[in-house]
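Below is one structure; the comments refer to it alone.
Just so we're clear, the structure is a prediction, and the values are computed from it rather than from any experiment. Per chain, numbering begins at 1; letters A, B, ... match sequence-line order.
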Amino acid sequence: MTAQTSAPVKVQALSCPNCGGQVELHGFSNTLTAVCGHCASVLDTSNPVVRVLYQFRQQQRRVAKIPLGSRGEFDGTQYEVIGFQVRSITVEGVDYEWAEYVLFNPYKGFRYLSEYNGHWNFIWPVRCIPVKRPRMGRRPSQMLDFRTYRHFQNASAKTVFVLGEFPWRVAVGETVQVDDYTCPPHVLSAEWDGKEINWSEGRYVSGKEVWQALRLSGSPPRAKGIYLNQPSPYPDRVRSATKLFLTFAGILILLLMFFAVTSRRETVLNERHQHVQTSGDASYVTPIFELKGRTSNVELTTSTDLDNQWGFFGYSLINADTGQAWDVGREIGYYYGRDSDGEWSEGSRNDAVIIPTVPPGRYFLRVEPEMDANTRPVNYEIKIRRNVPVYSYYLIAGLLLILPVIVLGWRTFRFEHARWQESDYASGSSDD
Amino acid sequence: MSRRTGPCPNCGAPLEFRWSSSVQTVCDYCKSIIVRTDIDIQKVGMVADLPPNSSPLRIGAEGQYGNKAFVVAGRIIYEYDQGNWNEWHLIFNDGVSGWLSDAQLNYDVSFLDTQQRDLPSANGLEVGRIIGIDNLQYHVTTITRARYRGVEGELPFQYWDKAEVPFVDLRTTTGRFATIDYSEQPALLFTGEAVEFEALKFKNVREFEGWSQ
C-alpha cells in the first residue's frame, strides 16, 4: 500500500509571471484560476507553468465589499471567502452588475454568496434535476425539495471582473445563459452552455447576517428595491392580522349568540289603528306599559298597508313617572306600478327603529300620524319590543376588524407586484 | 486470485496486492504500473508525475456508505479542458468494488452496472437529453471529453494509457447519478447517487492547515 504522509496540506504560493508578486492559493490545488492581487493579472494555475490569461485595466476594476480571506459559518460549516467576481447582464440597453463571492471548505467544497443592491443570497450547487411543473400563467415552473419555483428571468451573464481564486477556468468577457426561478426566500438557477447545465439553489440572507457570519466591521450596504427572492414581510403580518381578526370575530359571534339567546324580545305594546284624513290634530297616546329588566334597547315597529301613499309617524316614548322623552320621526312610503321596463316598486310598507339605552320604568307612546292628503284610510300596527338583539352592530365591528387584513393584503399585492416588475414578466413589458 | 506479495518486476521493491479483486497496482517506488494475471505479474507502463491532489481523500482513507464500510484502494485521474477529477476505487467490507468520483469536491458514489444494455452512442447525445435506465429518467448534465491522466493504488481492472474519450454524466430528479464511460467497447455504465462529504463519515483523510474536518 502506498505510504501516506500525514503532514497537513499547506497553502502554497506562486510568483506572478507578470509582476513577480506573491500569489497564495488558499483553495489549494482546487484553484484553477487565480488573480494576482498586485497587478490584477488573471493566472491559469492549473499547470505548474503559470500563464497570464488576461490583464485588467484600471477602469475595469471593481471593489469587493467582503475582503478575501474572511471566514465564517454558513449552515453550520466554516467557509473562507477566496474569490470575488462581478458579472453583468444587459436589459434593454442597461447593464446591471452583481457580485459573487466564492466560499471554500477543503472537505465540503464550494458555496457562493451573491450580492445585488444590498440583497444577499447563500448559494449551493444542486446535484439532482428539478422537476418541470406545469406553467403558472406564462411562467415555466420547477419543483425542487418540495418547493415550487416560478421562472423569473432569463439572461446572458457576462464575467466582467474577477479577484482571488476560482475552481474553474475563468474567461473574462465570456457569457453563459442563466435562468432564475423564485420561491421566496429561495432561488433556483440554471447556468448552461452547450456542454453543461449546472443547477444551484440559494437562500436569501440579510446583509446583517452576512456581516455577522463573517465578523466584518462596519455595516452592510443598505438593501435597495425588492429582490427576486426577497421574502415579503407581509404574509406573516397578514397571517397574524387574520388570526387576530378570527379571534375577535369568534368573540363577536359568541357575543351575538349570547345576546340572541338571552334577549327577552318582550312585546310590551301591540296596537292597530286606522288613520282617516281629518283636519284636526290626529295625535294620541297609548296606554302605559312597563319596560322591565336593565337599561336596554327598545324596538319600535310600524307595519302599514300603504298603497301608493306615504305616511309620517312622529313618535315620543315618554316615561310616565319622570317625563323623560325619546323622539323619533319615521317616514314611510310605498309606491309601485308598471312602465315600459315592466313592474316597479319603491319604498316599503314597514319600518323598524331601535331606541337604545332606555332605562326600565313605566312608559307610554305618543303618536302623531300624518298621511298623504285625500287618499284612502291607512291601517297600521305599532309594536314595541323590549330588549332585542341588534345584528348590524356586529356587522360594523366585523368590518372594522377585517380592515387591517385588507390593508395588509393590499400591501402584499404591491410587494409582489414590485418584485415581478423586475422580471421577464413585468406588466407593461413587451411580452405581456 | 488471492492476496499476493512479490518483488516489483521493474525495480525489485516489495509489491503487494492487498485486495483479492485487484488486478492492477502501482509500485510505490518506481511508479511502474503492474498488472497481475493467473500466471504472473507484469509491468505494463509507468505513471507520469501526477497533478497535485486537491481532494481530502487519499488511498487508505476509510468511510461508510449506507451501512457498509469501505476503504479507498486506488484512483484514476482524468483531465479535461476545465481541470481534472478523481475516480476513487472503493473496496467495501463485502468485497464489492465501488467508485467515488470527486470533481471540485462534489461527490458521487457509483457502481459498475453489469447488465447487458443498449447505451446510446456519445455522438448522438446532448445536454438535456433524457435516457431511460431501469425505469428512471436520467437527464444528460455533462458531456466531457477527458484524458486519462494517471493512476494510483489498486484497481479492479487494467486501466492505463487510455486515449481521450467522452464521458457522459446523467442525473435524475431524485439525486440518482450515472456516468457512461466510452473508453471501452461496449461503453461502461456506472450508476449511483450524489452524496455529501459528511454523509460518508470519513476517517484517515488528509488534513489541511488551518482547517478541521
From the list B:L57, B:D81, B:D102, B:D169, the residue making the most non-hydrogen contacts under 4.5 Å with chain A is B:D81

Contacting region of [X] [heavy-atom separation from chain B under 4.5 Å]:
X      : value
A:N105 : both
A:P125 : side chain
A:Q12  : neither

Note: vs chain B, highest number of non-hydrogen pairs under 4.5 angstrom among A:N30, A:V11, A:N198 is A:N30

Practice item. Between chain B and each of A:P106, A:P48, A:C128, count heavy-atom pairs under 4.5 Å; write down the option with the most. Key: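 Answer, by heavy-atom pair count under 4.5 Å with chain B: A:P106.
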
Does [X] have more than 12 heavy atoms from other residues, nucleotides or ligands lying within 6.0 Å of its [atom1]?
X      : atom1 : answer
B:Y29  : OH    : no
B:K203 : NZ    : no
A:R51  : CZ    : no

Within residues 66-78 of chain A, the residues sitting under 4.5 Å from chain B by heavy atom, in sequence order, are A:R71, A:Q78

So CD of B:E196 and CH2 of A:W124: to nearest 0.5 Å the spacing works out to 11.5 Å

In this structure, NZ of A:K108 is separated from CG of B:N106 (nearest 0.5 Å) by 13.5 Å

Where does [X] contact chain A at under 4.5 Å (heavy atoms): side chain, backbone, both or neither?
X      : result
B:V71  : neither
B:T172 : backbone
B:Y107 : both
B:T25  : neither

Margin query: Checking the side chain of A:S29 only, and the main-chain atoms of B:N53 only, is there a donor and an acceptor separated by less than 3.5 Å?
Written below: yes

Checklist entry - Side chain of B:R206, backbone of A:P8: donor and acceptor closer than 3.5 Å? => result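 Answer holds: no.
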
* Asked: So, are A:R127 and B:D108 salt-bridged, with charged N and O less than 4.0 Å apart?
  -> yes

Over all heavy atoms of both residues, which pair between [X] and [Y] is shortest? Give the atoms and the distance, please.
X      : Y      : value
B:Q104 : A:F110 : O-CD1, 3.7 Å
A:I197 : B:V140 : CG2-O, 4.3 Å
A:P130 : B:T173 : O-CG2, 4.0 Å
A:F28  : B:F208 : CE1-CD2, 3.5 Å

Using a 4.5 Å cut-off on heavy atoms from C-beta on, say whether the side chain of B:V127 contacts that of A:W192.
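Side-chain contact under 4.5 Å: no.
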
* Asked: Considering residues at least two apart in sequence or located in another chain, which fulfil the side chain to side chain donor-acceptor pair (under 3.5 Å) criterion with B:E209?
  ->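 For B:E209 there are no side chain to side chain donor-acceptor pair (under 3.5 Å) partners, ignoring immediate neighbours.
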
- Task: List in chain and number order the residues that pass side chain to side chain donor-acceptor pair (under 3.5 Å) with A:T31, two or more places apart in sequence or in another chain; answer none if no residue qualifies.
- Result: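 A:E165.
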
Margin query: Going by salt bridge (Lys or Arg N to Asp or Glu O under 4.0 Å), name the residues that satisfy it together with A:D180, two or more places apart in sequence or in a different chain.
Written below: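 If we apply the salt bridge (Lys or Arg N to Asp or Glu O under 4.0 Å) test to A:D180, skipping adjacent residues, there are no hits.
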
